[in-house]
Amino acid sequence: MTPPSPLTDNEPLAYLTAATTGIRRHTRTITSPPGGQPATRGHVDALHAHLTALHTLLGRLTEQTRDERPAQSGHFAAARTRLWQAGEHLHDAFHQAPRTPTPDPDAPHDDTCHQDVDAGPPFVTICLRHLQTSALVRQQTTPADLHSPLHGHARHRTS
């Protein structure tokens, strides 16, 4: 996973707005009609990638605000931790989702089968992304942070 490039003043809002719009559209598509098809492994993988990118962004915001605005930084850190936890659940959900049916080995194969094999199994992508993020989480948080129900709120509340 390559780190995102530095953002200019105008780019973050435009990209975040576009990502949010995409997620809303996807939500409407996958939930119409009510009782439609469950999310596929591809959907869960894409959502995991999105959460992982948000986790990285919140990590940067945490670092950038730590000295000048420690209370805000604490909230960013808490949000980053919660995104990690959501990513853990999505990773587990991915592995519980039904696999795409394996083609019959006796059936004739066309070029599309070979293209899929050349791309590598989809689970490799989500697992590698998850392992890379796990390494960061171990460096950035403590086990107590991961299990605290109100991480970031009590320590930084100003009243």
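Scope of the values below: all heavy atoms of this structure, side chains included, with no hydrogens, waters or symmetry mates.
Every residue two or more places apart in sequence or in another chain that forms a side chain to side chain contact (heavy atoms under 4.5 Å, CB included) with Leu47 is listed here: Leu90. Under the rule for a ring pair (Phe, Tyr, Trp, His ring centres under 6.0 Å), His50 has no partner lying at least two apart in sequence or in another chain. Every side chain to side chain contact (heavy atoms under 4.5 Å, CB included) that Gln140 has, sequence neighbours left out, goes to His55, Arg80, Leu136. With sequence neighbours excluded, the residues forming a ring pair (Phe, Tyr, Trp, His ring centres under 6.0 Å) with His43 are His26, listed by chain and number. In this structure, the salt bridge (Lys or Arg N to Asp or Glu O under 4.0 Å) partners of Arg66, at least two apart in sequence or on a different chain, are Glu63.
Put simply, the side chain of Ser134 gets close to the backbone of His130: a donor and an acceptor are under 3.5 Å apart.
In this structure, Leu83 is not a member of the same hydrophobic cluster as Ile23, with clusters built from ILVMFWY side-chain heavy atoms closer than 4.5 Å. At a threshold of 4.5 Å between side-chain heavy atoms, the hydrophobic network of Ile, Leu, Val, Met, Phe, Trp and Tyr places Leu131 and Phe94 in two separate groups.
One distance of note links NE2 of His48 with OG1 of Thr52; it measures 4.0 Å at 0.5 Å rounding. To the nearest 0.5 Å, the span separating CG on Leu61 from CD on Gln64 amounts to 6.0 Å. Here the straight-line distance linking atom CG of Leu54 with atom CG of Leu16 works out to 7.0 Å at 0.5 Å rounding. Once rounded to the nearest 0.5 Å, the distance linking CZ of Arg69 with OG1 of Thr62 reads 11.5 Å. Distance check: Ile126 CD1 to His95 NE2 gives 6.0 Å after rounding to the nearest 0.5 Å. Note that CZ of Arg82 is 12.5 Å distant from CG of Leu58, once rounded to the nearest 0.5 Å.
Considering every non-hydrogen atom in both Leu51 and Gly87, the closest pair reads CD1-N, 4.0 Å. Considering every non-hydrogen atom in both Thr141 and Val137, the closest pair reads OG1-O, 2.7 Å.
For the 3.5 Å distance criterion, the side chains of Arg129 and Gln132 fail to qualify, holding no donor opposite an acceptor.
Residues His91 and Cys127 have side chains in contact (heavy-atom distance under 4.5 Å, counting atoms from C-beta outward).
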